Amino acid sequence: MPFPHASEALSRFTVLDLTRVRSGPTCVRQLADWGANVVKIDALTEDAGGEQPGGPRRGSDFQNLHRNKRAMTLNLKDERGLALFKRLAAKADVVVENFRPDVKKKLGIDYESLAAINPRIVYGSISGFGQDGPYHKRPGFDQIAQGMGGLMSITGAPGEGPMRVGIPVADLTAGLFCAMGILTALLEREVSGKGQWVQTSLLQAQIFMLDFQAARWLMEKEVAKQAGNNHPTSIPTGVFRTSDGYINIATTGGRIWERCAQAIGAPELYVHPDYATAPARSKNRDALNAEIEKRTVMKSTKTWVSELNEAGVPCGPIYAIDQMFEDAQVKHLGIAQDVPNDEDRHIRLVGQPVTMSRTPSRMVAPPPEFGEQTEEVLMEFGLAADEIARLRKARVI
């Protein structure tokens, strides 16, 4: 049976996936979820029984990263395996890898080597710190990038030391940016007819994600500090206790602040000279937050969410993950999706956060077992059954 595509949007492209752990698989997941023919290259040195970099093959993490793909095994350390990979790359559109920069050159599968046999190839690389420069040989890790990229210095409560973010944000964003770069290169290839090398790193991605905090330094030489749950510039914005928990309240200007003061039954706060202007509210942030919380503790989170939204004040509950998936709007959006599989296993994963009116993304295939489609893929690339048998006997595949 032909392999189902998750979408028609990218179904004309073939992607060879050499990635491991998280940043690279995040990139390739974007391409697979939008319908690309993704072939995950399983190294024969991996544990076919299930253990992978990033956890067991049937564990939730691996399953979430590798849905909508196929897999084949290949020994790239064998000359015949390397030659076979180059045969595949000669026909593919995209190769994605997140080896250390020196590894792919040693293997002979770097961009220059593959572009020599396929000038149209788009080659995506993700590293810890970049493909060259003083740190390029260092191993990359999300938390290291969070620290070196400035994020940990502005996360957490003042005076409590640096704090990592609760998700691998450098890994995830590096993967997303690499996917965006690959798609841009594929669009440009339609004009030039040529591929190119797309590079990003955990460090670059993390610095980009600083956004306005980085701009405050570059333009105004202002070093952002930790602000806890308070927004650094829109005040009052933060977390406030209620009678049964907490609520997020966000004000982004004088008009919303006026509506907020009215809604919590404290119109006098809006006209109070300590809180009447943005600079005053910034200077007296802690006192203002305390005044607001005197009111919010009088009612439940659910009541405040209803009343503040009715008044046009941005607010929301603070969910644990299980509560979030039970929210009516989250259910309506349908982002938690079941993955079909022949074993009738329970596989429920997070779908794409983008909706397309004509070419939507769907969960069409579970993550592949170790080398599950090796023969199928190689036959599609033109190898005969007897050649495949010889390669398998020689432990090349």
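Worth saying up front: this structure is predicted, and the values here are computed from it rather than measured. Below, all heavy atoms of this structure are taken into account, side chains as well, without hydrogens, waters or symmetry copies.
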Determine yes or no for a side-chain-to-main-chain donor-acceptor pair under 3.5 angstrom, with Ser113 supplying the side chain and Ile109 the backbone. no
Are any side-chain N or O atoms of Asn68 and backbone N or O atoms of Arg29, one a donor and one an acceptor, separated by less than 3.5 Å? no
Between the CZ atom in Phe325 and the CZ atom in Arg348, the distance rounded to the nearest 0.5 Å is 8.5 Å
Nearest heavy-atom contact between Thr251 and Ser234 is O-CB, 3.2 Å
Salt bridge flag under 4.0 Å for residues Glu8 and Arg358:
no
Cluster membership besides Leu65, Ile/Leu/Val/Met/Phe/Trp/Tyr side chains within less than 4.5 angstrom, sorted by chain and number, is none
**Asp42 (side chain) donor-acceptor with Gly371 (main chain) under 3.5 angstrom** = yes
Value for CD1 (Ile388) from CD (Glu376), rounded to nearest 0.5 Å, stands at 10.5 Å
Value for CG (Asp102) from NZ (Lys137), rounded to nearest 0.5 Å, stands at 5.5 Å
Item to complete: Would you sort out whether Val15 and Val96 count as a side chain to side chain contact (heavy atoms under 4.5 Å, CB included), showing the intermediate values?
Response: CA-CA 8 Å; Val15 179; Val96 187; 4.2 Å; yes
Point to revise | Evaluation steps, side-chain hydrogen bond (donor to acceptor under 3.5 Å, both in side chains), between Asn98 and Thr19 | key: CA-CA 5 Å; Asn98 59 338; Thr19 67; 4.8 Å; no
Q.
Using a 6.0 Å cut-off, check whether atom CZ of Arg345 has over 12 heavy atoms from anything other than its own residue.
A. yes
Worksheet item: Given the rule in the side-chain hydrogen bond (donor to acceptor under 3.5 Å, both in side chains) test, do Gln146 and Asp142 qualify, once you have shown the distances and angles that lead to the verdict?
Response: CA-CA 6 Å; Gln146 286 196 32; Asp142 176 85; 2.8 Å; yes
Q.
Check this for me: does any side-chain nitrogen of one of Lys283 and Asp274 sit under 4.0 Å from a carboxylate oxygen of the other?
A. no
Tightest non-hydrogen contact, residues Cys27 and Ala179, listed as SG-N, 3.6 Å
Item to complete: Check the surroundings of atom CZ in Phe381: do more than 12 heavy atoms from other residues, nucleotides or ligands lie under 6.0 Å from it?
Response: yes
For Phe212 and Pro232 the tightest heavy-atom approach is CZ-CG, 3.7 Å
For Met72 and Leu378 the tightest heavy-atom approach is CE-CD2, 3.7 Å
One should read off an interatomic distance between Glu293 CD and Ile247 CD1, to the nearest 0.5 angstrom, of 11.5 Å
Note to self: Taking Arg390 first and then Glu387, would you say they form a salt bridge - that is, a charged N and a carboxylate O separated by under 4.0 Å?
What the structure shows: no
Can you tell if the side chain of Trp257 reaches within under 4.5 Å of the side chain of Pro236, non-hydrogen atoms only?
yes
Separation between CD (Glu369) and CZ (Arg58), nearest 0.5 Å, reads 4.0 Å
Q | Backbone of Asp93 reached by a side-chain donor or acceptor of Thr14 within 3.5 Å | A | no
Heavy atoms of Gly316 and Val305 approach each other most closely as C-CG2, 4.0 Å
Should the pair Arg22-Asp61 be classified as a salt bridge under the 4.0 Å nitrogen-to-oxygen rule? yes
Q. Does the pair Arg12/Glu190 count as a salt bridge with the N-to-O cut at 4.0 Å?
A. yes
- Task: Would you please classify the geometry between the Tyr111 ring and the Trp197 ring as parallel, tilted or perpendicular, with 30° and 60° separating the classes?
- Result: parallel
Note: Lys69 and Ala32 closest approach over all heavy atoms is CG-CB, 4.0 Å
| message | So that I can tick it off, tell me whether Glu188 and Lys194 are bridged by a salt bridge, with the cut-off set at under 4.0 angstrom between side-chain N and carboxylate O. | response | no
- Task: Evaluate the side chain to side chain contact (heavy atoms under 4.5 Å, CB included) criterion for residues Phe99 and Lys106: first the C-alpha distance (whole Å), next the side-chain angles of each, then the deciding distance (0.1 Å), finally the verdict.
- Result: CA-CA 11 Å; Phe99 297 123; Lys106 290 179 182 177; over 6 Å; no
| Derivation of the side-chain hydrogen bond (donor to acceptor under 3.5 Å, both in side chains) call for Arg216 and Gln213 | CA-CA 5 Å; Arg216 289 168 71 185; Gln213 298 285 42; 2.6 Å; yes
**Prompt:** What do you reckon, is CE of Met324 surrounded by more than 12 foreign heavy atoms closer than 6.0 Å?
**Reply:** yes
| Is it true that a side-chain atom of Ser243 and a backbone atom of Lys299 form a donor plus acceptor pair closer than 3.5 Å? | yes
Establish, for the pair Lys302 and Trp304, whether the NZ or CZ atom is under 6.0 angstrom from the six-membered ring centre and no further than 45 degrees off its axis. no
Are any of the side-chain heavy atoms of Thr303 and Thr242 separated by less than 4.5 Å? no
Does Leu76 form a side chain to side chain contact (heavy atoms under 4.5 Å, CB included) with Leu18? I'd like the steps, not just the answer. CA-CA 10 Å; Leu76 288 172; Leu18 292 169; 3.9 Å; yes
Exercise. Could you walk me through whether Gln352 and Trp34 pass side chain to side chain contact (heavy atoms under 4.5 Å, CB included), step by step?
Key: CA-CA 9 Å; Gln352 282 294 317; Trp34 292 110; 3.5 Å; yes
message: With a sphere of 6.0 Å drawn around CD of Glu310, does it hold more than 12 non-hydrogen atoms of other residues, nucleotides or ligands?
response: no
Short N-O contact, Glu291 and Arg281, less than 4.0 angstrom | no
In this structure, CG of Asp17 is separated from CD of Glu97 (nearest 0.5 Å) by 10.5 Å
- prompt: Looking at Glu372 and Arg70, does any basic side-chain N land under 4.0 Å from a carboxylate oxygen?
  reply: no
